[in-house]
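Letters go in sequence order (proteins before strands), and every chain restarts at 1. From a predicted model like this one, the values you see are computed outputs, not experimental measurements.
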Amino acid sequence: VLLQPNAPEDDVSTFLVTIGIGLSTAAILALSAVAFSLEYAISRIANFAHGEFLTIGAYAAYSGQSIFHQNVVAAAAIAAAAGAIAGLALNFLVIEQFRGRTAITVFIATLGVSLIAQNVLNIIYGAANVSYTFAQGNLHHVGPFLWTTSDIEVIISVLAVASLFYLLLQWTRFGKAIRAVSQDRALAQVSGIPARRIVMRTWALAGAVAGFAGFALADTVGTFGPTLGFNFLLLTITAAVAGGIGRPYATLGGALIVGLVLQIAGTYTSSAYELVFAFLFLVVLMLFRPNGVFVRRSAVAVRA
Amino acid sequence: MYWVSVFTEAGIFAILALGLDVIWGWGGDFDLAFYGYLALGSYLVFVLTIGKPTPPVEYIIGWHLPVLLAIVIAVVAVVCFAAVIGAIALRNLREIYFAVTTLGAVSAFYLIVENYTPLFDGYNGVYGLINPGQSALRLTYNGYRIFFLVVVLVILFLCYLLVQRLSRSPFGRMLRSVREDERAAAAYGRQVFFAKYRAYLFGAALAGLTGSLFAIFISAFNPSAWTPQELLVIYAAILVGGRGNPRGVILGTFVVYVGLIELTRYLPSPASRPEFGPAMRQILIGLMIILILRFRPQGLLRERPGVDRVPGSTGRLRWRPPRALAIAAPDNGQTAGPAAPALAGSEGTMTGDARPASAGRDAPSQGQEAEDGGAG
């Protein structure tokens with residue numbers, strides 16, 4: 001995102017550096033998309049206010065950075081906590097109120113939430129961009145890649161979060177309950193799983209992951225404003241769709257693909273157009289593989 | 001003059017809301033590409049009428065066409081653009097998938113407009129169409145503004161008549177039947193894709209027209225003049241007035257535009273925080289969308305589906321089942337299932353006069369409630 005390598009005499013190395021930057025973008029995208037996918041899986045709705053979880057996380061870390069004296073770990077924790085609270089609030093105040101309504105109705109309601117959240121942040125923090133005061137760190141050569149310290153921190157933490165996430169979902173009672181509720185909420189309820197509580201906690205979890213992703217994104221981009229998450233939302237959805245919406249593990253692969261498409265297209269045309277390619281990729285995906293690139297099935301009518 | 005401006009704006013957006021309501025209210029497709037159609041219409045009217053650009057300003061075409069001809073060309077171009085996006089998004093995708101695809105397509109379009117300056121001069125946008133025809137009409141500036149308000153209201157009224165007629169036509173009712181149950185409609189022989197596609201193109205044409213009028217109204221257009229957030233205001237207006245009811249949609253637009261602008265005008269807006277007023281307005285819009293969806297999804301005026309009756313009779317439905325199903329479902333319109341009156345709108349199953357009788361207007365809606373829109 002930050003570098004535009006332009007060394008025609010060394011195409012291979014340019015390409016690898018591009019891949020490296022793509023990987024760091026993909027890592028943040030993966031976090032955001034996994035959270036989005038989790039929300040979709042548990043409540044069967046697409047959350048258009050998901051981007052605002054990221055923004056809230058980013059701003060919470062911004063508010064917290066002075067209190068905790070530039071401690072990156074503390075800032076990340078604050079971001080995750082704020083995201084979790086936002087997730088809980090959204091589920092309690094909006095999503096649960098709309099139970100039994102069509103998916104598109106809830107989608108439109110979350111659009112309204114997104115509008116409200118953006119403008120509340122706008123009133124509190126102002127429309128102008130702000131930035132963290134953490135040191136970005138130096139450039140490091142890791143194998144063929146060229147990463148800043150914060151890039152490396154982001155990639156490592158994403159790998160850690162993804163592993164924890166896998167363990168949680170696959171090996172704990174809570175994870176089992178999440179899977180059960182996302183399969184069939186009513187059936188899980190009659191089987192003795194407190195579905196309402198599980199849904200609540202899942203939203204808190206998704207919010208926390210998204211809040212952390214927001215902090216990582218804001219830290220990598222440098223400056224951010226109230227539309228940070230909203231602008232990132234369509235990319236998140238692209239990654240989630242590429243992986244197959246509602247399937248958290250496959251979403252990681254989807255994020256990888258989208259991150260690389262974004263970076264390669266940006267490097268070889270112009271960074272102004274990288275998002276154009278990502279969105280065209282989304283449209284093409286929807287046209288041919290609306291169920292994700294990992295599903296071996298032709299495009300069938302997709303009904304939410 | 002202030003009120004003239006407010007009502008002109010509300011009138012322009014009422015036309016847009018009518019078009020959007022055909023796609024979303026009748027067809028059930030939540031389209032997020034609509035703001036792109038308005039933008040394209042606006043841009044094209046500018047570049048077709050304001051002449052060659054003077055450097056460093058740059059944009060395509062740069063002709064000196066008469067405004068009316070430019071509007072026609074702009075509307076046709078917008079429909080062509082919508083034909084491409086609609087063909088991609090409507091074929092297999094519904095609901096959220098449809099919404100996301102349209103948003104992706106129009107975001108790509110907007111990014112190109114913003115970054116590729118030879119098209120419409122990027123972020124700066126185009127400007128210069130000031131009161132076209134003012135000297136020919138021998139009007140003062142204010143006189144022209146009042147004249148333009150009248151023009152907008154007349155166009156709005158014509159659009160309303162057209163949409164109202166379409167609403168009760170076989171096409172309008174076919175579209176609603178497709179919204180209520182796509183499979184049932186398809187089983188009755190309706191071309192689901194083409195029904196939705198035609199509605200989509202009709203809506204886009206109204207968006208192109210709105211864009212043209214908007215161009216004349218504000219005399220300048222750039223990418224930040226019209227964003228997805230503005231589109232949400234239109235959706236809020238449709239929700240307030242009553243989704244699927246043309247009269248309600250117009251009412252809703254005036255309520256939202258005039259009411260909201262008036263309400264937020266008196267908010268304190270400290271000089272240090274110029275964004276406070278607009279931000280409060282957006283928050284109100286968001287709240288309004290959520291609360292209406294939750295507590296009164298039918299809006300102020302509920303949708304009134306057309307029901308066929310023989311003029312002067314005591315409510316016997318004119319619907320006949322298709323020949324193939326005649327044995328299974330004997331001709332007994334009054335006890336027909338909920339989908340039956342909605343299906344009556346198609347050409348193939350009508351008997352006798354194709355024009356719906358006005359007696360049907362006050363008929364109780366026959367089970368077709370459309371509480372939530374969109375087949376589940």
J.: If we define contacts as heavy-atom pairs under 4.5 Å, which of A/Pro226, A/Ala278, A/Ala109 has the most with chain B?
T.: A/Ala109

J.: In terms of heavy-atom pairs under 4.5 Å with chain A, which of B/Ile85, B/Leu103, B/Leu239 leads?
T.: B/Leu103

J.: What's the separation between atom CG in A/Asn119 and atom CZ in B/Arg281, rounded to the nearest 0.5 Å?
T.: 11.0 Å

J.: Are more than 12 heavy atoms, taken from residues, nucleotides or ligands other than A/Arg185, located less than 6.0 Å from that residue's CZ atom?
T.: yes

J.: Supply the atom-to-atom distance A/Ile237 CD1 to B/Tyr97 OH, rounded to the nearest 0.5 angstrom.
T.: 11.0 Å

J.: Is there a side chain to side chain contact (heavy atoms under 4.5 Å, CB included) between B/Leu111 and A/Tyr273 once you walk through the steps?
T.: CA-CA 7 Å; B/Leu111 281 166; A/Tyr273 296 114; over 6 Å; no

J.: So what's closer than 4.5 Å to chain A heavy atoms on B/Ile283: side chain, backbone, both or neither?
T.: both

J.: Which pair of heavy atoms, one from B/Ser107 and one from A/Leu234, lies closest together, and at what distance?
T.: OG-CD2, 3.4 Å

J.: Is there side-chain contact between A/Ile123 and B/Met280, with at least one heavy-atom pair below 4.5 Å?
T.: yes

J.: What part of A/Val120 is in contact with chain B, defined as an atom under 4.5 angstrom from a non-hydrogen atom: side chain, backbone, both or neither?
T.: both

J.: Tell me the closest heavy-atom pair linking A/Phe107 and B/Ala99, and the distance in Å.
T.: CE2-CB, 3.8 Å

J.: Using non-hydrogen atoms and a 4.5 Å limit, figure out which bit of B/Leu232 sits close to chain A: side chain, backbone, both or neither.
T.: side chain

J.: Okay, side chain of B/Arg294, backbone of A/Phe98: is any donor-acceptor separation there less than 3.5 Å?
T.: no

J.: CG of B/Leu293 to CD of A/Gln97: how many Å apart, nearest 0.5 Å?
T.: 13.0 Å

J.: Restricting to non-hydrogen atoms, name the atom on A/Ala103 and the atom on B/Ile96 that form the minimum distance, rounded to 0.1 Å.
T.: CB-CD1, 3.9 Å

J.: Taking ring-ring contact (aromatic ring centres under 6.0 Å, His included) as the definition, give me every residue that meets it alongside A/Phe232, ordered by chain and number, with sequence neighbours left out.
T.: none

J.: Decide yes or no on side chain to side chain contact (heavy atoms under 4.5 Å, CB included) for B/Thr101 and A/Leu282, but give the supporting numbers first.
T.: CA-CA 7 Å; B/Thr101 309; A/Leu282 170 70; 5.9 Å; no

J.: Nearest 0.5 Å, please: how far is CE in B/Met288 from CG in A/Leu115?
T.: 10.5 Å

J.: Using a cut-off of 6.0 Å, state whether more than 12 heavy atoms not belonging to B/Phe81 lie near its atom CZ.
T.: yes

J.: With only heavy atoms counted, which part of A/Phe48 is less than 4.5 Å from chain B, the side chain, the backbone, both or neither?
T.: side chain

J.: Is A/Leu111 close to chain B through its backbone or its side chain, or both, or neither, when contacts mean heavy atoms under 4.5 Å?
T.: both

J.: Are the side chains of B/Phe30 and A/Ile108 in touch, meaning some heavy atoms are under 4.5 Å apart?
T.: yes

J.: Measuring heavy-atom distances to chain A, does B/Ala89 have an atom under 4.5 Å in its side chain, in its backbone, in both, or in neither?
T.: neither

J.: In terms of heavy-atom proximity below 4.5 Å to chain B, should A/Val113 be classed as side chain, backbone, both, or neither?
T.: both

J.: State, yes or no, whether a side-chain contact exists between B/Ile88 and A/Met286 at a heavy-atom distance under 4.5 Å.
T.: no

